[in-house]
*Asks:* 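Below you will find the structure I want to go over with you.
Computed from a predicted structure; not experimentally measured.
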Amino acid sequence: MIIYKFNTLLKVTLVSLIALMSLQSAWGKDVNILQGNVRFKLNIQGHGVKYFVSVNDVIVFKQYNSDTQDNLELPINHWMHPEQSQFRVWAGDAKGNKFPSGASVKLTLVIEDRDSGASYKLPIIELNGNEVYDHKTLNTVLKTGRYHLAANNKVEFGKGEIDLKSVIKNEYSSKDTFIYSRQVSVPNQLPLWAFFNSDPLPEYQSLSDEDMSESINELFVAYKEIQDALEKGDVDSIMPLFAERNKELDIAFGYDSGEMERLLREYIQKAIDDPNWKLRKRTANQVGIYREKNKKIVSLMRSKFTDILGFVNKNNLFYSLTIKFRRENGEWIITR
């Protein structure tokens, strides 16, 4: 009898201990997942308005058609900061069309554990036509403070490593174009991508016509090296130019080393080998220059921020090659 009571007590103690450990695990799961094999995605939902979305002041999505209803998820590991990141929405029409009452834009940060498959959703910004004119409403709808990843796959308010800041209405927004941003502290094991520490770039739009032309010509030299190689079908010679991009994207997406180079090479070679696609050649006077708001990344663009390099078919469809540069010690480096 004595032994039986002892075993029963032991069982109760063990059960209590396991329950306590499970509770601690649930409250601390944000640390385990965020410091592990994490995948970040940005869910974008929007309709009834033209809008842009940026992560750490790099545009990741552009919607020019206000009639389109969007609901998509973009992988964003390659834009995330290892400690805190900022999300921003430009919405409206600077030509005088106000944010319609029925329009809305919603950003949700999706946090996934690659190992277990667990997925968590953290609302970041929610805009609609009834609230963008009343800034006070926004912060009451989306609570600021700390969050934790709960055991039921929900992001819950309270103790945790995730810190959601207030929604900010940016001071340079106009009455017809609304610009809102929100910073989120999400400590994770992603490295600090090279572009965060690159040389700051000038505000090109404020340059004189002469200086603007000189800046475009300087950057076009780097593009033309790739364009000339594509014209010759020489993919091998340009692969080293994408070394930083490929290495960082391998890490960001959890690929084996060299996988992103293989995919890029395959993507380019496919267009070169297909007789239905022809290289669309550009000259420096046919393009414009665009610097991201982070002041670290720049691209040469056509109209509506589209890529200048790529291949076109008889139906005028464009098979584009996206290239984004940063500068370090005066050298242009392909970073994305």
Side-chain angles (χ1 to χ4, degrees), residues 52 58-65 78 194-195 198-199 201-249 258-294 296-328 330-336:
F52 290 3
V58 178
I59 296 292
V60 298
F61 183 75
K62 303 179 287 288
Q63 180 53 267
Y64 291 96
N65 186 355
H78 55 309
F195 68 82
S198 16
D199 298 342
L201 299 169
E203 178 58 71
Y204 293 103
Q205 301 307 316
S206 65
L207 298 179
S208 66
D209 290 345
E210 182 179 354
D211 289 340
M212 173 74 84
S213 179
E214 182 179 341
S215 296
I216 291 175
N217 288 333
E218 177 193 348
L219 186 53
F220 187 76
V221 171
Y223 277 89
K224 192 172 186 304
E225 181 178 358
I226 299 170
Q227 179 172 277
D228 290 347
L230 295 178
E231 187 175 19
K232 299 174 183 175
D234 183 7
V235 182
D236 289 340
S237 67
I238 59 174
M239 278 298 109
L241 301 177
F242 292 88
E244 177 177 292
R245 169 201 182 269
N246 292 337
K247 178 182 177 181
E248 291 196 342
L249 293 188
E259 178 65 8
M260 187 53 68
E261 178 180 336
R262 184 190 70 79
L263 292 173
L264 178 62
R265 182 188 295 272
E266 184 179 276
Y267 180 84
I268 296 173
Q269 197 67 52
K270 180 180 177 181
I272 291 175
D273 294 340
D274 191 333
N276 295 315
W277 294 94
K278 293 186 178 181
L279 179 67
R280 174 63 63 85
K281 296 179 65 176
R282 304 287 180 186
T283 58
N285 60 5
Q286 294 177 312
V287 300
I289 193 167
Y290 176 74
R291 187 203 68 179
E292 301 286 350
K293 294 296 182 182
N294 68 359
K296 302 296 182 70
I297 294 177
V298 67
S299 308
L300 292 182
M301 296 287 185
R302 297 184 296 149
S303 61
K304 290 190 176 181
F305 305 101
T306 50
D307 304 312
I308 69 168
L309 290 183
F311 299 79
V312 65
N313 67 8
K314 63 180 180 180
N315 298 319
N316 207 33
L317 296 176
F318 193 58
Y319 190 91
S320 66
L321 178 59
T322 300
I323 302 177
K324 296 180 183 295
F325 285 88
R326 69 180 184 92
R327 190 166 61 190
E328 183 175 338
E331 178 185 359
W332 290 113
I333 300 171
I334 298 176
T335 191
R336 290 295 181 266

*Asks:* I need the minimum non-hydrogen distance between Ile289 and Gln205, along with the two atoms involved.
*Replies:*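 Distance-wise, the nearest heavy atoms are O-NE2, 3.3 Å.
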*Asks:* Testing Thr335, Leu264, Ile333 for side chain to side chain contact (heavy atoms under 4.5 Å, CB included) with Arg245, which one passes?
*Replies:* Leu264
*Asks:* Determine the minimum heavy-atom distance between Lys324 and Ser299, stating which atoms define it.
*Replies:*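 Nearest heavy atoms, Lys324 then Ser299: CG-OG, 3.5 Å.
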*Asks:* Is a side-chain donor or acceptor of Arg282 paired with a backbone partner of Arg302 at a separation under 3.5 angstrom?
*Replies:* no
*Asks:* Would you compute the distance between atom CD1 of Ile238 and atom CD1 of Ile226 and round it to the nearest 0.5 angstrom?
*Replies:* 6.0 Å
*Asks:* Minimum heavy-atom separation for Glu292 to Val58, with atom names?
*Replies:*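 Minimum heavy-atom separation between Glu292 and Val58: OE1-CA, 3.4 Å.
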*Asks:* Does Glu203 CD have over 12 foreign heavy atoms under 6.0 Å away?
*Replies:* yes
*Asks:* Under the rule for side chain to side chain contact (heavy atoms under 4.5 Å, CB included), what residues qualify as partners of Asp273, not counting sequence neighbours?
*Replies:* Gln269
*Asks:* Could you please spell out the steps behind the salt bridge (charged side-chain N to carboxylate O under 4.0 Å, His left out) verdict for Lys247 and Glu244?
*Replies:* CA-CA 5 Å; Lys247 178 182 177 181; Glu244 177 177 292; over 6 Å; no
*Asks:* Side chain to side chain contact (heavy atoms under 4.5 Å, CB included) with Phe325: which of Ile297, Leu219, Leu300?
*Replies:* Leu219
*Asks:* Determine whether more than 12 heavy atoms belonging to other residues, nucleotides or ligands lie under 6.0 Å from atom CG of Asn285.
*Replies:*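 Result for CG/Asn285: enclosed.
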*Asks:* Just verifying a value: how many Å separate Asn313 CG and Lys278 NZ, rounded to the nearest 0.5 Å?
*Replies:* 11.0 Å
*Asks:* Taking all non-hydrogen atoms of both residues, which atom of Ser237 and which atom of Pro240 are closest, and how far apart?
*Replies:* O-CD, 3.6 Å
*Asks:* Treating Asn315 as the side-chain partner and Leu317 as the backbone partner, does any N or O pair qualify as donor plus acceptor under 3.5 Å?
*Replies:* no
*Asks:* Could you grab the distance from atom NZ of Lys224 to atom CD1 of Ile308, nearest 0.5 Å is fine?
*Replies:* 11.5 Å
*Asks:* Take Arg336 and Leu249, measure what side-chain contact (heavy atoms from CB on, under 4.5 Å) needs, and give me the verdict at the end.
*Replies:* CA-CA 8 Å; Arg336 290 295 181 266; Leu249 293 188; 4.0 Å; yes
*Asks:* How would you list, by chain and number, every residue that makes a side chain to side chain contact (heavy atoms under 4.5 Å, CB included) with Asn276, sequence neighbours excluded?
*Replies:*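 Once residues adjacent in sequence are excluded, the partners of Asn276 under the side chain to side chain contact (heavy atoms under 4.5 Å, CB included) criterion are Asp274.
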*Asks:* Determine, step by step, whether Phe52 and Tyr64 satisfy the side-chain contact (heavy atoms from CB on, under 4.5 Å) criterion, reporting the C-alpha distance in whole Å, the side-chain angles of both residues, the deciding distance to 0.1 Å, and the verdict.
*Replies:* CA-CA 8 Å; Phe52 290 3; Tyr64 291 96; 3.5 Å; yes
*Asks:* Once you round to the nearest 0.5 Å, how far does CD of Glu331 lie from OG of Ser198?
*Replies:* 12.0 Å
*Asks:* Check whether any side-chain heavy atom of Arg265 lies under 4.5 Å from a side-chain heavy atom of Glu261, and answer yes or no.
*Replies:* yes
*Asks:* Please lay out, stage by stage, how Ser213 and Asn217 fare under the test side-chain contact (heavy atoms from CB on, under 4.5 Å).
*Replies:* CA-CA 6 Å; Ser213 179; Asn217 288 333; 3.6 Å; yes
*Asks:* Where do Trp332 and Glu218 land on the side-chain contact (heavy atoms from CB on, under 4.5 Å) test, with the steps shown first?
*Replies:* CA-CA 10 Å; Trp332 290 113; Glu218 177 193 348; 3.2 Å; yes
*Asks:* Who passes side chain to side chain contact (heavy atoms under 4.5 Å, CB included) against Lys270, sequence neighbours left out?
*Replies:*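 Counting only residues at least two positions away or on another chain, Lys270 forms a side chain to side chain contact (heavy atoms under 4.5 Å, CB included) with Tyr319.
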*Asks:* Indicate the atoms forming the closest heavy-atom contact of Leu321 with Asp307, along with that distance.
*Replies:* O-CB, 3.9 Å
*Asks:* Please name the pair of heavy atoms, one in Ala194 and one in Glu248, separated by the smallest distance, quoted to 0.1 Å.
*Replies:*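 Scanning both residues, the minimum pair turns out to be N-OE2, 2.9 Å.
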*Asks:* Check for a donor-acceptor pair, side chain of Arg291 on one end and backbone N or O of Leu201 on the other, with a separation under 3.5 Å.
*Replies:*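 Indeed, once roles are kept as given, a pair shorter than 3.5 Å links the two residues.
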*Asks:* Is the shortest heavy-atom distance from the side chain of Arg280 to the side chain of Leu230 under 4.5 Å?
*Replies:* no
*Asks:* Would you find more than 12 non-hydrogen atoms of other residues, nucleotides or ligands less than 6.0 Å from Glu225 atom CD?
*Replies:*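 Open: at most 12 neighbouring heavy atoms sit under 6.0 Å from CD of Glu225.
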*Asks:* Taking C-beta and beyond as the side chain, do Thr306 and Phe318 meet within less than 4.5 Å on heavy atoms?
*Replies:* no
*Asks:* When you measure from the side chain of Tyr204 to the backbone N and O of Ile216, does any donor-acceptor pair fall under 3.5 Å?
*Replies:* no
